[in-house]
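Everything on this sheet refers to the single structure shown next.
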Amino acid sequence: QVQLVESGGGLVQAGGSLRLSCAASGSIFSINVMGWYCQAPGKQRELVAVFTGSGRTNYADSVKGRFTISRDNAKNTVYLQMNSLKPEDTAVYYCYVAAVGSDHDGLRGYWGRGTQVTVSS
């Protein structure tokens with residue numbers, strides 16, 4: 001079992017910044033994917049930024065140039081630096097990890113509980 005703990009959400013004005021953190025813990029053999037999704041009211045959950053299994057990054061077009069994903073592999077932690085925030089960024093942001101547990105039962109996906117980001121105009 002893998003647990004994800006997110007932090008860093010909050011209320012900011014347009015143009016401001018936030019930094020989200022997500023720490024994975026539990027019986028982890030390896031992590032293949034770490035990333036961030038967002039979900040606004042009435043909308044489906046969407047990819048924001050992710051480290052793929054090959055270690056490459058992928059960003060939603062709407063956040064390129066404004067958001068930066070980073071990670072600390074030793075701490076099993078992923079970050080999302082969010083700059084130049086817009087009201088359209090308002091959503092719940094969820095950490096996602098695809099990992100193989102120490103029991104080697106195969107690759108599974110895990111979600112954090114989410115952290116609210118609200119950007120005022």
Show which side-chain atoms of residues 15-37 pair as donor or acceptor with protein atoms under 3.5 Å away, not counting sequence neighbours.
{"residue": "Ser17", "atom": "OG", "partner": "Asn83", "partner atom": "OD1", "Å": "2.9"}

Quick one: side chains of residues 43-51, donor-acceptor pairs under 3.5 Å with protein atoms, not counting sequence neighbours, listed by atom name and distance.
{"residue": "Arg45", "atom": "NE", "partner": "Gln39", "partner atom": "OE1", "Å": "3.3"}
{"residue": "Arg45", "atom": "NH2", "partner": "Gln39", "partner atom": "OE1", "Å": "3.3"}

task = For Val78 and Ile69, run side-chain contact (heavy atoms from CB on, under 4.5 Å): C-alpha distance rounded to whole Å, both residues' side-chain angles, the deciding distance at 0.1 Å, then the answer.
result = CA-CA 7 Å; Val78 64; Ile69 189 170; 3.7 Å; yes

ask   = Given Val97 and Leu4, is the side-chain contact (heavy atoms from CB on, under 4.5 Å) satisfied, shown in steps?
value = CA-CA 8 Å; Val97 168; Leu4 306 179; 3.6 Å; yes

request  = Take Arg66 and Lys64, measure what side-chain contact (heavy atoms from CB on, under 4.5 Å) needs, and give me the verdict at the end.
outcome  = CA-CA 5 Å; Arg66 299 190 298 121; Lys64 288 181 178 178; over 6 Å; no

inquiry  = Between Gln1 and Tyr110, is the side-chain contact (heavy atoms from CB on, under 4.5 Å) condition met? List the steps.
reply    = CA-CA 9 Å; Gln1 184 66 37; Tyr110 302 89; 4.1 Å; yes

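The heavy-atom pair separating Cys38 from Ala91 by the smallest distance is CB-CB, 3.9 Å. Nearest approach of Ala99 to Val2, heavy atoms of both residues: CB-CG2, 4.5 Å. The two residues Glu6 and Tyr93 come nearest to each other via the heavy atoms OE2-O, 3.7 Å. Of all non-hydrogen atoms in Leu85 and Met82, the two that sit nearest each other are CD2-CE, 3.7 Å.
By the criterion of side-chain heavy atoms lying less than 4.5 angstrom apart, applied directly or through intervening Ile, Leu, Val, Met, Phe, Trp or Tyr residues, Val12 is grouped together with Phe67 in one hydrophobic cluster.
Side chains of Glu88 and Thr90: no donor on one and acceptor on the other come within 3.5 Å.
Separation of atoms OH (Tyr94) and CZ (Arg113) is listed at 11.0 Å; rounding is to 0.5 Å.
Side chain of Thr118 to main chain of Leu11: no donor-acceptor pair is present (N/O by atom type, distance under 3.5 Å, no hydrogens or angles).
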